[in-house]
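What follows is a set of notes on a single structure, which appears directly below.
Numbered from 1 within each chain, the chains take letters A, B, ... in sequence-line order.
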Amino acid sequence: MDEKYFPEKIEEKWQRHWEASGAFAAEATDARPKFYCLEMLPYPSGFLHMGHVRNYSIGDALAWYKRLRGFNVLHPIGWDSFGQPAEQAAIKRGVNPRAWTEENIVHMRGQLKRIGVSYDWRREIAAHRPEYYRWDQWFFLKMLEQGLVYKKRSPVNWCPQEETVLSNEQSSGGVCWRCGAGVEKRELEQWFARISAYAEELLEGMKEIEAGWPERVLTMQRNWIGRSVGTYVDFPIKDHAGAQVRVFTTRVDTIYGATAIVLAAEHPLIGELLRDSSLKADVERFVERVRATRNISAKLAAGEEEEKEGINTGLIAINPFSNEQVPVWVANYVLMDYGAGAVMSVPAHDERDFEFAQKYSLPVRRVIERVSYEQEQISHDPDAGLDQSAAMPHAFTDYGILVNSGDWGGKLSEDAITEMSRFAEERGFGGGAVTYRLRDWGISRQRFWGAPVPVVYCDGCGTVPVPEADLPVLLPENVELTGTGQSPLATVAEFVNTTCPKCGRAARRDTDTLDTFVDSSWYFFRYCDPNNADAPFDKEKIAYWTPVEQYIGGIDHAVMHLLYTRFWTKMMRDIGLLKFDEPVKRLMTQGMVTNIIEGTNEWKRMSKSRGNGVDPDDMVRIYGADAVRLFILFAAPPENELRWQETGIDGAVRFLRRVYTFVWRWRDALRDAPEAAPEASSFGDAARALRRVTHQMIARVTEDFERLHLNVNVAALMELSNALGEFPATPETAAPADLFAAREALESLVVMLAPFSPHVAEEMWESLGHEGGLLGGDNRQARWPVADAELARKDELEIPVQVNGKLRARIPATPDTPEDALREAALADEKVRVWIDGRTVVKVIIVPQRLVNIVVR
RNA sequence: GCCGGAGUGGCGAAAUCGGUAUACGCACUAGACUCAAAAUCUAGCGAGGUCACACUCAUGUCGGUUCGAGUCCGACCUCCGGCACCA
């Protein structure tokens, strides 16, 4: 140990020590309790940014804490190394995506090591390596076998910028999740994973993780799944024997108000039923126009709503409840892929139908009234007192009481919905139904830099899965990438042309690759057994390590990665690979790291293009990794936005330097400190006070670690350091009991500092006379200090005294002062007397060890 | 529009249960050391009020419950995030 704190020297030394001693290596054979601490794996863009540093500092603090508490901690890292940026770099700059990716990984791995994150580097994985992606392909085949993956032609989201299909989750809000371009609709044949089959379970499963996941992530997933309970009703079509239109509604109670049936433009019945109609041409022209405008959702992205447009098909549907005849329309506001692709239009009770009816002068018929006293009275004669001629200014969408609804009049909406639904079922023209907004996950991409879809097309045998033994289907080298919107693999004859695994004749390979979110859906299972060549992982090993105790990452994956991985886990359970339902017990979503944009007062996420980025390497060079990490964890609670202010790092450096100086000053004297705690009576007031703070802070840091209140933890460490600074004994004059108290405080401080600033903590620990490091080779033990509640207890208290809830005085007491004595002392206090003299004391409330409140009148 | 979350000093923030509001840090001010600066150390730092006390006010606003509310309940305001023709 040098006299002065030189981070660069210390940090290099301990990084080497950790690597050489395997300090962070974990095995599934360990007898200690396990803890799986996971951070979202980075995309190897080439450079670590402050958001990464924050993410990994949070995870690392927890990993260190758990290790020091005696847990066997799995803390791995890897690379989400397939994906667009590599391909874009290839197209724009002609680089080789594999070489580009590998170089980036090398650079970023170096950066991570310089920050000193405690990963078990032996477990490092990268999605773009065949040893990894062959298992993506393996899962694909398993799912194909189970019918959980299928191919279908349908309108899909197309990013014109990246020239590929996107899933619904990746085009949420009408824009590409990565590049922000407005997404178009295209009709294409694509592979889908049947996530919708798990909609109910994904919703139900949230109960299990509710306590450990942030409310907003659960809410976002709940909304995304979009469960909706309603009724479907079949409307027969007049003059077309057997033909009928199915509609879905959550408000079957309003069905007597239906004045039209409205179909989505893509509805299959349109072509079928209009064959002989004179309106055929008009309707078809309209349908074409709607489809064309749907291709551009940039408007949608801007939050604009399209104007409702429709056309009457001339067809007539019959309301099975009222037998009324209503016209069948086609309109742009009805979506084909939700519910039944058709709705009953009830202008009086639905805003959208109302707007549509206004435009096309469709009748508005009120069938629900607000429940009021008057309505109660007329409920025997439901249609009495209704002014049907009165124009409604807008739709009435609340529940209420049915009117003008045949035999159902007078019923409350809630009851009518249940009863009418049952009625429809009994009569065979409908029934209760649950629909979900969640649609299947499109997993094929027209891109090069991904895992090839392991499927072969044969003229004789059709679609043939690649046999497991032939995996991996290798991504070819040296492919020219032009970015034309075609799957680049289609241009590689040696790749495309193959033989059919079934009949052996010439056949063609599928030229799409898998969504990178497939890679990230199961990567943390692979960490448990990263080199397995026979299976994605050994079942026993993942049974030991998973589920993940704590997952840490950005909120941006709330309904992408975090939904897919839950689905993937359930799928793996169903094919017998594991035995639980939810992969992640606790989730923490860290806040953004922002920096001010020069010349403004706007704080925005750090980014190179905005010019407000801060390079972690620079910060480490100037302040040291320990100070940077400490500052990041101290500056704000982990889930809040963190505004980058470099003056704050100075504070962190000052604190580390102060602690370092304490160690330097005391280290020699402490060698003479007694091993065991001396008699209680031998401690002086100052030593007792120091021990009190020490044990109070141990208790606080330990509790707050469980809640990840890391910023408060750092504050507690600073308080402990302040207490050490105020300790009047000096190394030269200290009595044995003083030395004991000082060592206890200093060692507790050093150990508790390790999760935040591990290098300097190791250095100080060594300097205090300990060998082998904090996680010590053969000497693996739980070094986290244990709080002694007795020692933490104050022996002299100042009890606040309130009069009518207002603070008026403080009286001295001890923890065992009896209540009677407290009451007496409070009532006798001079300052209190001023407020109670001449009044009647009604009662005195005493909260033991906390306060006295005198109630007077 | 619907669904979530949050409003506390100049700033980042703290306050398991309702029990001394503002811990810890940053910035700032003054002092010590120094020829000087930096670094370090010491002290101060919610607002009003006072020589100093006392006292009054203060956790977005208004009301309620309670001996006592940053914390619980009701209404409202503002900000942030998500979804968005989902029938």
Side-chain angles (χ1 to χ4, degrees), chain A residues 172-174 214-224 226-228 230-231 247-252 254 262 264 300-301 303-308 331-335 337-346 349-353 355-356 397 435-439 555 558-559 631 634-637 639-643 645-652 654-655 657-658 661 700 703-704 706-707 709 711-722 725 797-810 831 834 842-856:
Chain A
S172 167
E215 187 57 44
R216 58 178 182 149
V217 174
L218 294 173
T219 305
M220 281 161 75
Q221 292 206 358
R222 217 173 270 128
N223 291 344
W224 190 259
R227 184 180 198 268
S228 165
T231 312
V247 303
F248 174 77
T249 177
T250 54
R251 293 298 303 275
V252 69
T254 65
V262 187
L300 230 134
E304 274 175 60
E305 213 168 82
E306 232 173 314
E307 192 177 344
K308 292 182 178 46
N332 62 349
Y333 76 98
V334 179
L335 307 172
D337 49 8
Y338 182 77
V343 300
M344 60 180 203
S345 177
V346 185
H349 303 293
D350 182 283
E351 291 292 354
R352 296 151 301 181
D353 295 341
E355 199 189 313
F356 189 67
T397 56
T435 59
Y436 299 90
R437 211 183 83 115
L438 179 69
R439 275 163 263 149
I555 185 76
V559 285
F631 165 67
F634 177 58
E639 47 279 284
N640 285 20
E641 172 190 338
L642 189 156
R643 297 188 164 191
Q645 270 163 319
E646 239 169 280
T647 51
I649 313 185
D650 291 329
R654 272 200 284 273
F655 168 69
R657 227 181 262 149
R658 217 154 34 226
T661 309
R700 226 162 82 188
E703 270 169 43
D704 277 333
E706 301 297 337
R707 297 186 290 169
H709 289 187
N711 56 322
V712 188
N713 277 350
V714 178
L717 297 181
M718 287 171 172
E719 281 190 62
L720 180 50
S721 146
N722 290 346
L797 301 173
E798 275 205 318
I799 303 288
V801 182
Q802 300 180 331
V803 178
N804 285 350
K806 278 204 193 293
L807 180 69
R808 296 303 179 192
R810 290 169 218 272
K831 289 185 201 141
V834 178
V842 182
K843 61 174 157 177
V844 178
I845 287 147
I846 296 170
V847 184
Q849 295 185 48
R850 294 211 94 129
L851 116 168
V852 178
N853 188 12
I854 300 165
V855 186
V856 296

Compare the minimum distances between each of G4(B), C24(B), C41(B) and the side chain of Glu719(A), then state the nucleotide with the smallest one.
C24(B)
Could you check whether Lys308(A) makes a cation-pi contact with Phe356(A), meaning its NZ or CZ is under 6.0 Å from the centre of the six-membered ring and within 45° of the ring axis?
no
Touch class at under 4.0 angstrom, heavy-atom based, for Val712(A) against every strand present
sugar-phosphate
With heavy atoms under 4.0 Å as the rule, sort Arg222(A) into base, sugar-phosphate or nothing.
nothing
Checking Phe634(A) now: which residues fulfil side chain to side chain contact (heavy atoms under 4.5 Å, CB included) with it, not counting sequence neighbours?
Val714(A), Ala715(A), Met718(A)
If you check every side-chain atom of Trp224(A), which of A13(B), C85(B), A84(B) has the closest atom?
A84(B)
With C1' as the reference atom in both, quote the distance from A69(B) to C79(B) in angstrom, rounded to an integer.
24 Å
With Watson-Crick and G-U wobble geometry limited to distances under 3.5 Å, how should the secondary structure of RNA chain B be encoded in dot-bracket form, using | for bases paired to another strand and [ ] for crossing pairs?
(((((((..(((......[....))).(((((.......))))).(((......)))..(((((..]....))))))))))))....
Could I get the full list of side chain to side chain contact (heavy atoms under 4.5 Å, CB included) partners for Val217(A), not counting sequence neighbours?
Trp213(A), Pro214(A), Gln221(A), Ile555(A), Ala558(A), Leu562(A), Leu587(A), Thr589(A)
Which listed nucleotide (C85(B), A23(B), A87(B)) is nearest to the side chain of Asp350(A)?
A87(B)
Look at all strands and tell whether Arg227(A) reaches a base, only sugar-phosphate, or nothing, counting heavy atoms closer than 4.0 Å.
nothing
Evaluate the side-chain proximity of Tyr436(A) to Ser228(A): yes if any heavy-atom separation is below 4.5 Å, no if none is.
no
Can you name the side-chain hydrogen bond (donor to acceptor under 3.5 Å, both in side chains) partners of Asn804(A), sequence neighbours left out?
none
Can you pull every protein N or O that's under 3.5 Å from an N or O on nucleotides 57-59 of chain B?
none

By the 4.0 Å heavy-atom rule, please label Asn722(A) as base, sugar-phosphate, or nothing.
sugar-phosphate
With sequence neighbours excluded, residues passing side-chain hydrogen bond (donor to acceptor under 3.5 Å, both in side chains) with Asn853(A):
none
Proximal nucleotide (of C67(B), G81(B), G19(B)) relative to the Leu851(A) side chain:
G19(B)
Contact class for Gly651(A) (heavy atom, under 4.0 Å): base, sugar-phosphate, or nothing?
sugar-phosphate
Sorted by chain and residue number, the salt bridge (Lys or Arg N to Asp or Glu O under 4.0 Å) partners of Glu641(A) (sequence neighbours excluded) come out as Arg643(A)
Checking all strands, does Ser345(A) fall into the base, sugar-phosphate, or nothing category for heavy-atom contacts under 4.0 angstrom?
nothing
With nearest nucleotide decided by heavy atoms, which residue, Ser172(A) or Tyr338(A), maps closer to the 5′ end of RNA chain B?
Ser172(A)
Output all residues satisfying side chain to side chain contact (heavy atoms under 4.5 Å, CB included) with Ala716(A), sequence neighbours left out; order by chain, then residue number.
Met697(A), Arg700(A), Val701(A)
Any protein N or O atoms within reach of nucleotides 27-33 of chain B? Criterion: under 3.5 Å, listing atom names and distances.
residue : atom : partner   : partner atom : Å
A27(B)  : OP2  : Arg654(A) : NH2          : 3.4

Please give the distance between the C1' atoms of U22(B) and U71(B) as a whole number of Å.
15 Å
Heavy atoms under 4.0 Å, any strand shown: does Val855(A) hit a base, just sugar-phosphate, or nothing?
sugar-phosphate
Pairwise N/O distances under 3.5 Å, protein to nucleotides 51-55 of chain B:
none

Counting side-chain heavy atoms from CB outward, which of A13(B), C67(B), C3(B) is closest to Asn711(A)?
A13(B)
By the 4.0 Å heavy-atom rule, please label Gln802(A) as base, sugar-phosphate, or nothing.
base
Have a look at Asp353(A) and say if it touches a base, only the backbone sugar-phosphate, or nothing, with a 4.0 Å heavy-atom cut-off.
nothing
Can you tabulate the close N/O pairs, meaning under 3.5 Å, that link protein atoms to atoms of nucleotides 6-11 of chain B?
none

Base, sugar-phosphate alone, or nothing: which one does Pro637(A) contact when heavy atoms must sit under 4.0 Å apart?
sugar-phosphate
What residues, two or more places apart in sequence or in another chain, satisfy side chain to side chain contact (heavy atoms under 4.5 Å, CB included) together with Asp337(A)?
Leu335(A), Arg439(A)
